[in-house]
Number of protein chains: 2
Amino acid sequence: MVHPSPAVEEIVSTLRGAAKRVTVPKRTVAQVLVDAPGHLTVEEITHAVQKWQPEVSQSTVYRILEEFEALKIVVHSHMAQHAAVYHLAGTTHGHLICSQCGVAFEVPASHFDHLSKELLRNFGFRLDRHHLAITGTCRQCRERAGD
Amino acid sequence: MVHPSPAVEEIVSTLRGAAKRVTVPKRTVAQVLVDAPGHLTVEEITHAVQKWQPEVSQSTVYRILEEFEALKIVVHSHMAQHAAVYHLAGTTHGHLICSQCGVAFEVPASHFDHLSKELLRNFGFRLDRHHLAITGTCRQCRERAGD
DNA sequence: TTGCCTGCAAATCCTTTGCACTTTT
DNA sequence: AAAAGTGCAAAGGATTTGCAGGCAA
């Protein structure tokens with residue numbers, strides 16, 4: 001944690017605003033999430049945290065992510081039968097997961113507007129746009145399969 | 001397995017067609033799935049099977065469901081962080097899962113046509129309509145929350 | 001008879017929890 | 001000092017796997 005970024009300080013403010021304590025493990029998890037490009041599993045987050053703070057345990061990371069999610073600092077999705085992945089909240093988007101190769105990528109939430117309205121109108125169901133993961137086949141795997 | 005239904009015999013034919021062996025556990029799982037109204041967890045399937053065949057083990061049920069899925073006899077979805085649920089294939093539909101109360105219900109695949117086309121056009125991603133599970137909030141929970 | 005299937009138990013993977021100890025406030 | 005947070009290890013639930021014996025073909 002040599003260079004605390006402004007984004008980390010924002011998260012710290014959120015913690016203080018919620019009367020949560022600001023600790024070294026929490027700052028480190030925040031920094032890792034800010035630095036991370038995309039989605040990370042808990043294990044990946046733990047490893048990254050432990051590069052700076054080797055004593056931080058995985059169960060602590062789980063507890064911190066749980067708290068961060070309650071404060072809407074992060075969101076997570078479940079990838080098929082595999083481990084959950086976390087990333088910073090803020091940009092609402094859906095996740096497309098290729099069931100062939102496993103890649104996950106994000107699409108703007110606007111693509112779900114139509115579906116969202118339809119499900120609300122027809123079923124009274126409000127789609128959770130922060131927690132949307134859809135499986136299918138990505139372009140590369142489709143082309144490889146001759147689709 | 002006192003009354004093997006025609007639907008079970010169809011499944012048996014599929015097994016034979018794939019050079020798979022037809023066993024008592026497989027017949028029983030097939031019958032349970034045919035009799036079941038909706039989505040069942042592996043545990044529920046195992047319990048139902050064991051009413052008829054108490055010696056059938058849960059790991060066998062897992063293996064049978066895996067085989068049935070490869071043969072497109074069943075499909076499964078993952079409900080948030082909980083166990084997977086299985087049901088007979090055939091009717092393509094999506095699953096809506098309420099993250100508040102946990103209920104899961106089905107909606108016709110046609111509701112995903114628009115999204116499906118958009119994802120394919122924009123991202124080359126082919127949505128898997130047999131394996132679609134979307135989280136959100138159901139009508140009852142929304143009303144209870146005053147939404 | 002052959003080798004696919006099965007039962008059992010143990011192993012694995014991801015996640016949660018109990019408890020004593022350490023920090024933050 | 002009080003309360004919240006943490007580390008460790010053990011527990012937990014879901015799913016997979018190794019292996020010896022059993023049954024369909």
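Chain identifiers are assigned alphabetically (A, B, ...) following the order of the sequence lines, protein sequences preceding nucleic acid strands; residue numbering begins at 1 within each chain. Side-chain atoms are counted along with the backbone in the values below, which use heavy atoms only and exclude waters and symmetry mates.
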Separation of [N] [atom2] from [X] [atom1] (nearest whole Å):
X	N	atom1	atom2	value
B:Gln58	C:dT6	CD	C1'	14 Å
A:Glu43	C:dC13	CD	P	9 Å
B:Leu65	D:dT16	CG	P	10 Å
A:Glu67	C:dT16	CD	P	15 Å
A:Tyr62	D:dG7	OH	P	15 Å
B:Arg16	C:dC4	CZ	C1'	14 Å
B:Leu15	D:dC23	CG	C1'	16 Å
B:Ile64	D:dA24	CD1	C1'	14 Å

| task | Would you name the heavy atoms of A:Glu69 and A:Val75 that are closest together and state the gap between them? | result | OE2-CA, 3.6 Å
| Residue pair B:Phe125 / A:Arg142: nearest heavy atoms and the distance that separates them |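 Closest pair (atom of B:Phe125, atom of A:Arg142, distance): N-NH1, 4.3 Å.
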Which atom pairs, one a donor and one an acceptor, fall under 3.5 Å between side chains of residues 116-123 of chain B and the rest of the protein, sequence neighbours left out?
| from | atom 1 | to | atom 2 | distance (Å) |
| --- | --- | --- | --- | --- |
| B:Glu118 | OE1 | B:His114 | NE2 | 3.1 |
| B:Glu118 | OE2 | A:His111 | ND1 | 2.9 |
| B:Asn122 | ND2 | B:Glu118 | O | 3.0 |

| remark: The side-chain contact (heavy atoms from CB on, under 4.5 Å) partners of A:Leu71 (sequence neighbours excluded) come to A:Thr14, A:Leu15, A:Ala18, A:Lys20, A:Glu67, A:Ile73
| Mind checking what makes side-chain contact (heavy atoms from CB on, under 4.5 Å) contact with A:Glu43, not counting sequence neighbours? |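 With sequence neighbours excluded, A:Glu43 shows a side-chain contact (heavy atoms from CB on, under 4.5 Å) to A:Thr41, A:His47, A:Gln58, given in chain and number order.
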| field | Phosphate-side-chain proximity, B:Lys20 and C:dC4, N/O vs OP1/OP2 below 4.0 Å | value |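 Negative; the distance criterion is not met.
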| message | So B:Phe112 and B:Ile134, do their side chains get closer than 4.5 Å, heavy atoms only? | response |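 With C-beta onward as the side chain, the pair touches.
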| message | Pick the closest DNA chain D nucleotide for A:Val61 and for B:Val22 by heavy atoms, then say which residue is nearer the 5' end. | response | A:Val61
| task | Name the residue closer to the 5' end of DNA chain D, choosing between B:Tyr86 and B:Thr23 according to the nucleotide with the nearest heavy atom. | result | B:Tyr86
| task | Tell me, with the steps shown, if A:Leu33 and A:Leu65 meet side-chain contact (heavy atoms from CB on, under 4.5 Å). | result | CA-CA 10 Å; A:Leu33 290 168; A:Leu65 289 171; 4.3 Å; yes
| request: Could you tell me the separation between the CG atom of B:Leu115 and the CG atom of B:Leu127, rounded to the nearest 0.5 Å? | output: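 The CG atom of B:Leu115 sits 5.5 Å away from the CG atom of B:Leu127.
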| Ignoring hydrogens and angles, are the base of C:dC5 and the side chain of B:Arg21 linked by a donor-acceptor pair under 3.5 Å? | no
| query | What is the bend of the helix from C:dT1-D:dA25 to C:dT25-D:dA1 when you compare the axis at one end with the axis at the other, using five pairs each and rounding to 10°? | reply | 30°
| said: Once you apply a heavy-atom cut-off of 4.0 Å, does B:Glu66 come out as touching a base, just sugar-phosphate, or nothing? | reply: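 No contact at all - B:Glu66 keeps every heavy atom at 4.0 Å or more from the nucleic acid.
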List every contact pair, protein side and nucleotides 8-12 of chain D side both N or O, where the distance is under 3.5 Å.
| from | atom 1 | to | atom 2 | distance (Å) |
| --- | --- | --- | --- | --- |
| D:dC8 | N4 | A:Ser59 | OG | 3.2 |
| D:dC8 | N4 | A:Arg63 | NH2 | 3.4 |

| task | State which residues pass side-chain hydrogen bond (donor to acceptor under 3.5 Å, both in side chains) with B:Thr23; sequence neighbours excluded, sorted by chain then number. | result | none
